[in-house]
Amino acid sequence: MDKNGTMTIDWNEWRDYHLLHPAENIPEIILYWKHSTIFDVGENLIVPDEFTVEEKQTGMWWRHLVAGGGAGAVSRTCTAPLDRLKVLMQVHASRNNNMSILGGFTTMIREGGFRSLWRGNGINVIKIAPESAIKFMAYEQIKRLIGSDQETLGIRERLVAGSLAGVIAQSSIYPMEVLKTRMALRKTGQYNGMLDCGKKILLKEGMAAFYKGYVPNMLGIIPYAGIDLAVYETLKNAWLNRYATSSADPGVFVLLACGTISSTCGQLASYPLALVRTRMQAEASVEGAPQATMSKLFKHIIKTEGAFGLYRGLAPNFMKVIPAVSISYVVYENLKLTLGVTSR
């Protein structure tokens, strides 16, 4: 507190300490306010977390990533039925086919039994590891190219570096995204697993089929990552400035609330692009579907269904946010203990 070295603490020093500490303690904030590593809502488009110099030197960073990957796998598996319902509603729901949540679940179970609720989950879990690893490595390299030697980047720099890292990671694993959509939409007996699905798509439609919907997917990264980061940082800074008197640790409920709100806002902003991406990925699997470009598909949806048509499947998508965030946090904390991740 004693900034001027007089061995006494005046009112201004006492006030500044409690207003600014630990909001200025960057390593402590980085330590307690992990976001993308902890929370997994099924879309890995969030700007990667920063890690302290100590975490990088001691090797704790990779343990955090492993714990986050395991938490994401459990979270996605638990919320897979809602995710599959969202995909079905995005592709099949319309004014003439107003699919409800209960009706969607009933249709899935009637067509393929209870296990069919998890179609597409296998590939959705498998892609976590390569996507997270590529994204983290790309983010660190882009930070060096930006020329920052600081422990943490500013919000603008983080958004640029995180978005570019997201583009690189998504470009690398995008064929798995197409496989996930096709597996979620498949009928009973249509494919004998992921490899068979990939083989049939390649033989019937060619390599280009694995990059259908690529453009709207890449465009969706910027609003998703940008709004998620802006909302999360705003909530974080508001809490730090108001309540962080002795520690930057926000506690479970504050962290969950901030993660849930920011993820919801990010998804809401990028949802129309996600819907168009999914429809383009599913084109060949739907009988009589037009092979439209992104702009033509947007115009077709607005003309036939109105602006509401761009938000088909939003309800199950939002329904899975709170359980996904909660499950991933609990699993992450338990895996942290198993892997020996220390708090300091």
Side-chain angles (χ1 to χ4, degrees), residues 33-49 67-90 93 99-102 104-105 108 117-118 120-121 124-125 127-128 131-132 135 162 166 170 177 180-181 184 217 220-236 238-239 250-275 277-278 308 310-333:
W33 287 84
K34 294 282 189 288
H35 179 33
S36 66
T37 311
I38 301 176
F39 303 125
D40 190 300
V41 293
E43 297 281 354
N44 196 2
L45 304 178
I46 303 174
V47 174
D49 283 321
V74 175
S75 172
R76 292 185 187 195
T77 301
C78 291
T79 58
L82 285 168
D83 190 64
R84 188 181 178 221
L85 177 61
K86 176 196 76 175
V87 173
L88 288 174
M89 292 178 78
Q90 285 178 332
M99 188 185 297
S100 66
I101 292 172
L102 183 60
F105 278 127
M108 285 190 287
L117 296 176
W118 277 266
N121 182 60
N124 198 32
V125 168
K127 70 186 179 72
I128 292 174
E131 185 173 12
S132 299
K135 192 175 182 181
Q170 282 283 302
E177 293 280 358
K180 178 226 169 188
T181 300
N217 186 68
I221 290 174
I222 298 171
Y224 189 110
I227 291 174
D228 177 87
L229 179 64
V231 172
Y232 190 77
E233 290 295 318
T234 300
L235 294 172
K236 180 180 81 175
W239 187 91
V252 178
F253 293 110
V254 172
L255 203 60
L256 289 177
C258 291
T260 301
I261 293 169
S262 64
S263 294
T264 301
C265 292
Q267 289 190 30
L268 186 62
S270 63
Y271 195 83
L273 285 163
L275 181 139
R277 173 204 66 192
T278 304
F308 179 77
L310 294 172
Y311 290 90
R312 297 279 182 190
L314 189 65
N317 189 61
F318 278 175
M319 284 173 65
K320 73 173 186 173
V321 172
I322 293 177
V325 166
S326 304
I327 292 165
S328 60
Y329 178 82
V330 171
V331 177
Y332 173 79
E333 289 297 318

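Just so it is clear, the model here is predicted, and its values are computed rather than measured. Position 1 is the first residue of the sequence; numbering continues from there.
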*Any donor-acceptor pair under 3.5 Å linking the side chain of Arg312 with the backbone of Met89?*
no

_Quick one: does any side-chain atom of Ser75 pair with a main-chain N or O of Ile327 as donor and acceptor, under 3.5 Å?_
no

If you measure from [atom1] on [X] to [atom2] on [Y], what distance do you get to the nearest 0.5 Å?
| X | Y | atom1 | atom2 | value |
| --- | --- | --- | --- | --- |
| Thr260 | Ile322 | OG1 | CD1 | 6.0 Å |
| Ile222 | Ser270 | CD1 | OG | 11.5 Å |
| Lys127 | Glu131 | NZ | CD | 5.0 Å |
| Glu177 | Arg277 | CD | CZ | 5.5 Å |
| Gln170 | Ile221 | CD | CD1 | 5.0 Å |
| Leu85 | Ser100 | CG | OG | 8.5 Å |

Considering non-hydrogen atoms only, spot the tightest contact between [X] and [Y] and give its length.
| X | Y | answer |
| --- | --- | --- |
| Tyr271 | Leu314 | OH-N, 3.3 Å |
| Asp40 | Ala324 | O-CB, 3.5 Å |
| Ser263 | Tyr224 | O-OH, 4.3 Å |
| Ser328 | Ala71 | O-CB, 3.2 Å |
| Val321 | Asn317 | CG2-O, 3.5 Å |
| Leu275 | Tyr311 | CD1-N, 4.3 Å |

*asked:* For a side-chain contact (heavy atoms from CB on, under 4.5 Å) check, start with the C-alpha distance between Leu82 and Phe105, then their side-chain angles and the critical distance, and finish with the verdict.
replied: CA-CA 9 Å; Leu82 285 168; Phe105 278 127; 3.9 Å; yes

_Does any part of the side chain of Ile101, heavy atoms only, come nearer than 4.5 Å to the side chain of Met319, both counted from C-beta?_
yes

*Does Ile227 reach the side chain of Val231, with side-chain heavy atoms less than 4.5 Å apart?*
yes

*So, are Glu233 and Lys236 salt-bridged, with charged N and O less than 4.0 Å apart?*
yes

*Decide yes or no on salt bridge (Lys or Arg N to Asp or Glu O under 4.0 Å) for Asp83 and Arg76, but give the supporting numbers first.*
CA-CA 8 Å; Asp83 190 64; Arg76 292 185 187 195; over 6 Å; no

*Are more than 12 heavy atoms from other residues, nucleotides or ligands located less than 6.0 Å from atom CG of Leu117?*
yes

